[in-house]
Amino acid sequence: MATGIFNRWFGRKSGTSTANAKSRLHFVLVQDRAGLQPEELNSFRREMIEVINKYFQIDEENFDISYQRGDETTTLVINSPVTLKRPEKVRPIGEGKKNRDKDNKSIANKK
Amino acid sequence: MSKENGTSGCEVLVVTSGKGGVGKTTTTATLGSALALLGQRTLVIDADIGLRNLDVILGLENRIVFDLVDVAKGKCKPAQALIKSKKSANLYLLPASQTDDKDVIDEEQFCSLLEHYKSQFRFILIDSPAGIEQGFRNAASGVDRAVVVTTPEVSAIRDADRVIGLLSARGIESLLVVNRLDPEMVKRGDMLSLKDVQDILGIEIVGLVERDESVIVAANNGEPVVFDPKSKAGRSFEKIAKRLMGEQIPIENPVAPTFWQRLSRTLGV
């Protein structure tokens, strides 16, 4: 309690809540202004995750969508922690050429 | 900057907010009083049918005979429903009715109602109900501009933004009043600043009113703060009135009290 009084008297900055308020407000205002329903936003999020999942190993829990405001435009920011491309099957050296020739032949036949 | 007022020379403003309890009625009553004190014949209209309060803030609650629904329905002459203020000969009140039915009149009827009074007044301020239903739509009919009141709080700002959008869709320009700002909390980072609010909402600010106990005392007495020479809020409302009249007064820069001011406040000195 003494520290509370101390902080009040000496005006120590205690709040980070305004930073939260600003980003939360920005989030809801873009929704409200764009007219996106919460369900639409959820669909968007699910679909984005699906698409990214096709190419990357995605960390879904830490996937985040936010809206950053510049002077004239609003930017959709998608934060998606990923590992690089899905690990390929490792082929022994030499076999690659054989398979490639096989593939080329089949392509040629198709023509 | 303001729309053409036509031949009547009367400016009609709706005072609205979306969110309830942020200070619409106080703003209507006090701003109206400020304009009257500056020599402008002003009519304030309580458009909150069923929940009238403008009369109480102005201390005129025991003088109501007819109300705006009576005028709209032709049950009395328009002049009969007007109540002159106790504090200024330039200020008149048209009270709301206390009937339960909020949809008893529509936008067209409200506009016709305004026409009865435009020739007699320089300013008409309409105290809108909270929300965005029929009452709000009525109050925002036939107006030149809107005064949108908000506090520096998340839910008030969100609702204000919505209302600004709805008004803009009707071609009505909004001016912002930021109410109940606490400079100490802003300094601590616990309250959004004036600049924050302006950045978020993106409209012109016509006034800033700091949190001030004298406003509550004024409501207790039925005498708006502009009549109290010691009230800081009263001075803020005076400036808003002057800005509406076209004077270029820069918006105040709220300053948190110094250590010594806070100390004396804590000690009750």
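To find a chain, count down the sequence lines: A is the first, B the second, and so on, and within it residues start at 1. Nothing here was measured: the structure is a model prediction, and the numbers come from that model.
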> Within a radius of less than 6.0 Å around CD of A:Glu60, do more than 12 heavy atoms belonging to other residues, nucleotides or ligands occur?
Replying inline: no

>> So for atom CZ, which belongs to B:Arg235, do other residues, nucleotides or ligands contribute more than 12 heavy atoms lying within a distance under 6.0 Å?
In response: yes

> Near B:Ile216 CD1, under 6.0 Å, is it more than 12 heavy atoms from other residues, nucleotides or ligands?
Replying inline: no

> Where do B:Asp196 and A:Lys22 come nearest, in terms of heavy atoms and distance?
Replying inline: OD1-NZ, 3.1 Å

> Which atoms form the tightest heavy-atom contact between A:Ser17 and B:Gly189, and what is the distance?
Replying inline: OG-O, 3.8 Å

> Under a 4.5 Å heavy-atom cut-off, does chain A meet the side chain of B:Met185, its backbone, both or neither?
Replying inline: neither

> Is any side-chain heavy atom of B:Arg158 less than 4.5 Å from a side-chain heavy atom of A:Leu29?
Replying inline: yes

>> Under the rule for side chain to side chain contact (heavy atoms under 4.5 Å, CB included), what residues qualify as partners of B:Leu167, not counting sequence neighbours?
In response: B:Thr16, B:Phe136, B:Ala140, B:Ala146, B:Val148, B:Val163, B:Ile172, B:Ser174

>> Let me confirm one number: the CG-CG distance from B:Leu192 to A:Leu25, rounded to the nearest 0.5 Å.
In response: 6.5 Å

